[in-house]
Amino acid sequence: MTMPTQTDLNLRAMQLLKEDAEKIAQLIAVQLDNLTLPKCPLYEEVLDTQMFGLSREIDFAVRARLVNRDEGQQIIHDLERKLADLYSKILP
């Protein structure tokens, strides 16, 4: 069995972060598809918790030098933009 190279580790870390970000994006998409539902505090709590967890994953990956800070911040920024879109449609 061969040891993965640093590039392999970096690519795998980014792939895992993007997969986790996609799960959050799917939660956002579900809520956007169901805008007729009232604003749900439990749903907001789940999204906030997921976003916090992802930010901690990204922080770890950056500190471990598996991804660079700009790439990690871009993942969070993209999700925050989707959340802003969701909240602009839900809030009066």
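Residue Arg69 holds its CZ atom at 14.5 Å from CD of Gln74, rounded to the nearest 0.5 Å. In this structure, Met3 CE and Asp8 CG are separated by 11.0 Å, a value rounded to the nearest 0.5 Å. Leu17 CG to Leu54 CG: the interatomic distance, rounded to the nearest 0.5 Å, is 6.5 Å. Note that CD1 of Ile28 and CG of Leu79 are 5.5 Å apart. Values are rounded to the nearest 0.5 Å. For the atom pair CD1 of Ile75 and OG of Ser55, the computed distance is 11.5 Å after rounding to the nearest 0.5 Å. Between Thr7 atom OG1 and Arg12 atom CZ the span is 15.5 Å, to the nearest 0.5 Å.
A 4.5 Å side-chain heavy-atom check between Phe60 and Arg63 finds at least one atom pair inside the cut-off.
The salt bridge (charged side-chain N to carboxylate O under 4.0 Å, His left out) contacts involving residues 19-30 comprise Asp20-Lys23, where partners must be two or more places apart or lie in separate chains.
If you chain together hydrophobic residues whose side chains sit under 4.5 Å apart, Ile76 and Val46 fall into the same group. No chain of hydrophobic side-chain contacts below 4.5 Å, direct or via other Ile, Leu, Val, Met, Phe, Trp or Tyr residues, connects Leu16 to Val62. A continuous path of hydrophobic side-chain contacts links Val30 to Met51 [ILVMFWY only; heavy atoms under 4.5 Å].
The pair Arg81-Asp78 meets the salt-bridge criterion, since a charged nitrogen lies less than 4.0 angstrom from a carboxylate oxygen.
Scanning both residues, Val67 and Asn10, for their nearest heavy atoms gives CG1-O, 4.4 Å.
The side-chain contact (heavy atoms from CB on, under 4.5 Å) test applied to Leu9 returns Pro4, Gln6, Leu66, not counting sequence neighbours.
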